[in-house]
Number of protein chains: 2
Amino acid sequence: MAETSVPQGGQALLFLTDEQLRKGIEAMFFAYRGFTADPDRILADKAYGRAHHRAIHFIHRSPGTTVNNLLAILGVTKQSLNRVLRTLVEDGLVESRVGRNDKRERHLFLTPEGAALERELSDAQRERMRMAYRAAGPVAVAGFRQVLEAMMDEEIRRQYEALRDKSA
Amino acid sequence: MAETSVPQGGQALLFLTDEQLRKGIEAMFFAYRGFTADPDRILADKAYGRAHHRAIHFIHRSPGTTVNNLLAILGVTKQSLNRVLRTLVEDGLVESRVGRNDKRERHLFLTPEGAALERELSDAQRERMRMAYRAAGPVAVAGFRQVLEAMMDEEIRRQYEALRDKSA
DNA sequence: CTTGGAATGTCAACAAGGCTGACGTATCTT
DNA sequence: AAGATACGTCAGCCTTGTTGACATTCCAAG
């Protein structure tokens, strides 16, 4: 694209230069490594992976969610999700209940054991997030959230916003 | 950890509640999907994946970098990287030159074809970043960067900072 | 000059976690 | 009664990560 992003209005939009954008891209890449590092370490021992973490997280967030809901949020195929879900159910971390109204649906819940793992994982992840937030301060955090939301795909953003203000 | 983050100083640090942290975590998760979506789409056609993108990106960033450097930055094993690198060299996107001083080392460069693919990928990724930055504004962008840097692992942050201010 | 260690490459085997395609079953909707 | 929907499952494939073992090449220290 443009070598440097020359603005329309004559004002130098320095934060939109390719150079600045590259720094943002690399920051995103490296930060995501940190973001997943702690849960990954915990899961490594337990024969689970990131996929299990994601499933557990969103089941915790929305107890009773259906498989289809989860598919949409995670953005994977049902075969992929099913593999993960099956082991979680077998291991007694997730319970799958047949729907009341619509018996085709399965509603997913964490068992006490599942909830315990969820807490362990999210404690670790939250702790890093807390440190980062504390170091950066509230204004930075607001900006952080703004940029992230603007980076999402349209459809994903809708899902995010639907979740955003629901309490766990 | 704490149900809600009760501050030490008596001041309500609202942005550090578990609830706020959870939103940040989910924002990070969904945003990263958007972050990689465009390059992934481009690469899907070409029988390459994210791993190739990362290698190409950092070779472009630091032409002549050694395999060991790249390993440290990417955080994968040499076997993993080697597989990716081999296909890129075979396909004529990357050139691997034996080191002048230390002939054990291989210095990596993009060929014109490699540079072309790099440009295609980073144009797409930068474009999304540009849109997000533009939508959020310069103050938000500064905050975004601050939080991301605070989220990195110590060792990674050092590498990031070393790269950060080098021009491509 | 020899030798230890570093940097690199390569082979083999394996696992996680994506994907597609096909099929089956139960259930709901029309 | 027929079609659509929700879910599960089997089979097979790919990418990308891992470990372990081993060969080569070369630098540098003794």
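Sequence lines set the chain letters: A, B, ... in the order given, protein chains first and strands last, and positions in each chain run from 1.
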In terms of the nearest nucleotide of DNA chain C, which residue is placed more toward the 5' end: A:G49 or A:K103?
A:G49

Is the distance from the ring center of A:Y32 to that of B:F29 below 6.0 Å?
no

Any B:M28 side-chain heavy atom under 4.5 Å of A:L148 side chain
yes

Can you tell if the side chain of A:N69 reaches within under 4.5 Å of the side chain of A:S62, non-hydrogen atoms only?
no

How is A:H107 classified with respect to the nucleic acid when contacts are heavy atoms under 4.0 Å: base, sugar-phosphate, or nothing?
nothing

Show every salt bridge (charged side-chain N to carboxylate O under 4.0 Å, His left out) that has at least one partner inside residues 87-97 of chain B, sequence neighbours left out.
B:E95-B:R97

Could you say whether A:D102 or A:A51 is positioned toward the 5' end of DNA chain C, judged by the nucleotide with the nearest heavy atom to each?
A:A51

Is it true that B:K23 and B:E26 make a salt bridge, defined as a side-chain N closer than 4.0 Å to a carboxylate O?
no

Judged by modelled atom types alone, do B:E113 and B:T111 share a side-chain donor-acceptor pair under 3.5 Å?
yes

Counting C-beta onward and ignoring hydrogens, is there a side-chain heavy-atom pair between A:L117 and A:K46 closer than 4.5 Å?
yes

Reading DNA chain C from 5' to 3', where do the contacts with chain A start and stop? Cut-off is 4.0 Å to heavy atoms.
C:dG17 to C:dC28

So if I take residues 74-101 of chain A and measure heavy-atom distances to DNA chain C, which residues fall below 4.0 Å?
A:G75, A:V76, A:T77, A:Q79, A:S80, A:R83, A:N101

First-last contacting nucleotides on DNA chain D - partner chain A, under 4.0 angstrom, heavy atom
D:dT5 to D:dC10

Does the side chain of A:T66 pick up a donor-acceptor pair with the side chain of A:R106 at under 3.5 Å?
no

Bending between helix ends of the helix from C:dC1-D:dG30 to C:dT30-D:dA1 [5 pairs per end, 10° resolution]
20°

Does a side-chain heavy-atom distance below 4.5 Å link B:L110 with B:L93?
no

Indicate yes or no: at least one non-hydrogen side-chain atom of A:R128 is less than 4.5 angstrom from one of B:D153.
yes

Would you call B:R130 and B:E127 a salt bridge, taking side-chain N to carboxylate O under 4.0 Å as the test?
yes

Whether B:R22 and B:E19 form a salt bridge (side-chain N of Lys/Arg under 4.0 Å from carboxylate O of Asp/Glu) is what I want to check.
yes

For residues 135-151 of chain A, which residue pairs pass the salt bridge (charged side-chain N to carboxylate O under 4.0 Å, His left out) check, not counting sequence neighbours?
A:R145-A:E149, A:E149-A:R164

